[in-house]
Peer 1: 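One structure, as structure tokens, below. Some questions next.
Every number for a ligand or one of its atoms is a count from 1 in the order of the listing. Along the sequence shown, the residues carry numbers beginning at 1. Atom set for the values below is all heavy atoms of this structure, side chains included, hydrogens, waters and symmetry mates excluded.
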Amino acid sequence: MDRIRIVGGNELHGVIPISGAKNAALPLMIASLLTDDTLTLENVPHLADVEQLIRILGNHGVDISVNGRRERQGESYARTIHFTCRNIVDTTAPYELVSKMRASFWVIGPLLAREGKARVSLPGGCAIGTRPVDLFIEGLQALSANIEIDSGYVNATAPAGGLIGARYTFPKVSVGATHVLMMAATLANGTTVLGNAAREPEVVDLANCLNAMGAKITGQGTATITIEGVRSLSGARHRVLPDRIETGTYAMAVAMTGGDVILEDTDMALLDTALEAIRRAGAEITETNSGIRVVRNGAGIKPVDIVTDPFPGFPTDLQAQFMGLMTMAKGTSHITETIFENRFMHVQELARLGAKISLSGQTAKIEGVSRLKGAPVMATDLRASVSLVIAGLAAEGETMVSRVYHLDRGFERLEEKLTRCGAHVERVSD
Ligand code: UD1
């Protein structure tokens, strides 16, 4: 199993190209199940989760061809992928495939909308809390689906004439359930109004792509999304939006080590709240023609308190990285996690590097230390693992991060991107 070896202490200087967003690419790929025409996605990141979803979609009958790459310094950073699902050949998403990645559960929406039935295994994915699927079930039932849970599978069927548009208000904001209900409602009879919908940029990206395919969606990016059902959708060509989590992660890495880096092909508007927190911690952040410039010279890191929240709040997917940054702040900071109940697994690993963190319920208290010292650490989930990389970049000596497959799920060419900016990061294959 691969590990990442980091020798800390170097500043970061240079340019980091930001990839297409994993969390946008996954639902966009799933949307290809809604049409018998070709959906072409540009700027798709090369990640383990994307490859896994390609396998899952192939199982349902999606024909997939990859061509065209965005080249940079001789390396490809993005792919254009064509998805064509002439016929859905299987409406079952089996446990062996779904258990590896929670987002694959989302195929339930398009399968039900197009074929009138779906049998999808209850999901797995990152071990960050119980992550139930009650909102998906309630929402699909509101569209008149009949749902039964049997032997670990959700069996869903639509009425004979197809799903029926309805008004449904989510009791809690859910990105995934918003994606699924939006996709299912595009082909329903009549109009659907989703209240308390997720406002994340990835939801907006999916809605824009669905509209390019002929859907009639308005209100994306607000808490109320209206979907007027249409008879069928066509193909489209759509570019996946930049990864705001990757953007924020590298911005925090620069804030941690010091230096001067341009984050290319990304957009400040995608992560205002997180960038504001990084600024308050002491980095200078400015907009450039091609993206964002992050600079921290000399001055130390200041403590900043944050609370995670649905968009436009501070993203839970950047919480672990921000904690990494705060471990070396000059003072005490507090980080409160409100989205997932078990998303502090990085705390004990950061402690191995010398961080001083105590937990009380959903709040972590971080007393900044003047130095971290490299150590062997273990990645526990996708975002937690990259917080260890950030801490390792500033720690004295060698940090060896094991279970790197977590990183490969969500960060494209991480070690290359950091090495080009002067970091000592290498992949070690055993
Ligand atoms: C997505 C992101 C993930 C991010 C999360 C929150 C993808 C592929 N993943 O995950 O990176 O951390 O949004 O921004 O886009 N919940 C329920 N019942 C449900 C569904 C969700 O109680 O039926 C709860 C979850 O347990 C969690 C909260 O709602 O506490 C938010 O989860 P949700 O927004 O659904 O996260 P995901 O879509 O799984």
Peer 1: Tell me whether E202 is salt-bridged to R244, with the criterion being a basic N under 4.0 Å from an acidic carboxylate O.
Peer 2: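 Judged by the 4.0 Å cut-off on N to carboxylate O distance, E202 and R244 do form a salt bridge.
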
Peer 1: Atoms of ligand 1 less than 4.0 Å from R102 heavy atoms?
Peer 2: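 Those atoms are 20 (C), 39 (O).
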
Peer 1: Please report whether ligand 1 has a polar contact with K22, defined as an N or O pair separated by less than 3.5 Å (distance criterion only).
Peer 2: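 No, since none of the N or O atoms of K22 sits under 3.5 Å from an N or O of ligand 1.
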
Peer 1: Could you tell me whether the side chains of T84 and D63 share a donor-acceptor contact shorter than 3.5 Å?
Peer 2: no

Peer 1: Any atoms of ligand 1 less than 4.0 Å from a non-hydrogen atom of T316? List them with their elements.
Peer 2: 6 (C), 12 (O), 14 (O)

Peer 1: I'd like to check which ligand 1 atoms, numbered from 1 as shown, lie under 4.0 Å from a non-hydrogen atom of W106.
Peer 2: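 Selected atoms, number and element: 7 (C), 8 (C), 15 (O), 38 (O).
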
Peer 1: Look at ligand 1 and say whether R343 reaches it with a heavy atom at a distance under 4.0 Å.
Peer 2: yes

Peer 1: For G176, counting its heavy atoms only, list the atoms of ligand 1 lying under 4.0 Å from any of them.
Peer 2: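 So the atoms of ligand 1 that pass are 35 (O), 38 (O).
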
Peer 1: Looking at ligand 1, does any of its N/O atoms fall within less than 3.5 Å of an N/O of A103?
Peer 2: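 The answer is no, given that A103 and ligand 1 share no N or O pair closer than 3.5 Å.
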
Peer 1: Do E51 and R79 meet the salt-bridge criterion of a basic N to acidic O distance under 4.0 Å?
Peer 2: yes

Peer 1: May I ask you to decide whether R413 forms a salt bridge with D408, counting only side-chain N to carboxylate O separations under 4.0 Å?
Peer 2: no

Peer 1: Heavy-atom distances under 4.0 Å are what count here, so tell me which part of I137 touches ligand 1: side chain, backbone, both or neither.
Peer 2: neither

Peer 1: For H179, is at least one N or O under 3.5 Å away from an N or O on ligand 1?
Peer 2: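 It does not: no N or O of H179 is found under 3.5 Å from an N or O of ligand 1.
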
Peer 1: With a distance cut-off below 6.0 Å to the six-membered ring centre and an angular limit of 45° from the axis, does R199 pair with F311 as a cation-pi contact?
Peer 2: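 Checked: cation-pi criterion not met.
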
Peer 1: Taking atom 1 (C) of ligand 1 as the point of reference, which of V175, L318, D134, V203 owns the nearest heavy atom?
Peer 2: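 The option holding the nearest heavy atom is V175.
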
Peer 1: Is the closest heavy-atom distance from P132 to ligand 1 below 4.0 Å?
Peer 2: yes

Peer 1: Under a 3.5 Å threshold, yes or no: a donor from one side chain and an acceptor from the other, between E42 and T80?
Peer 2: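 The answer is no; no qualifying pair exists.
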
Peer 1: Under a 3.5 Å threshold, yes or no: a donor from one side chain and an acceptor from the other, between E337 and T316?
Peer 2: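 T316 and E337 do have a side-chain donor-acceptor pair below 3.5 Å.
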
Peer 1: Check K172 against ligand 1 and report side chain, backbone, both or neither, counting heavy atoms closer than 4.0 Å.
Peer 2: side chain

Peer 1: Which atoms of ligand 1 are found less than 4.0 Å from any heavy atom of D317?
Peer 2: 3 (C), 4 (C), 11 (O), 12 (O)

Peer 1: Does this structure show an ion pair linking D36 with R86, if we count only N-O contacts that are shorter than 4.0 Å?
Peer 2: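 Salt bridge absent between D36 and R86.
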
Peer 1: Give the numbers and elements of all ligand 1 atoms closer than 4.0 Å to a heavy atom of F136.
Peer 2: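 Near F136, the atoms of ligand 1 are 20 (C), 23 (O).
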
Peer 1: Salt bridge between R409 and D381, side-chain N to carboxylate O under 4.0 Å?
Peer 2: no

Peer 1: If only atom types and distance count, is the side chain of Q319 paired as donor or acceptor with the main-chain N or O of R343 below 3.5 Å?
Peer 2: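 Yes, the answer is positive, given that a donor and an acceptor are paired below the 3.5 Å cut-off.
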
Peer 1: I want to know if ligand 1 touches L135 in the polar sense, i.e. an N/O pair below 3.5 angstrom.
Peer 2: yes

Peer 1: Taking both backbone and side-chain atoms of N23, is any N or O found less than 3.5 Å from an N or O belonging to ligand 1?
Peer 2: yes

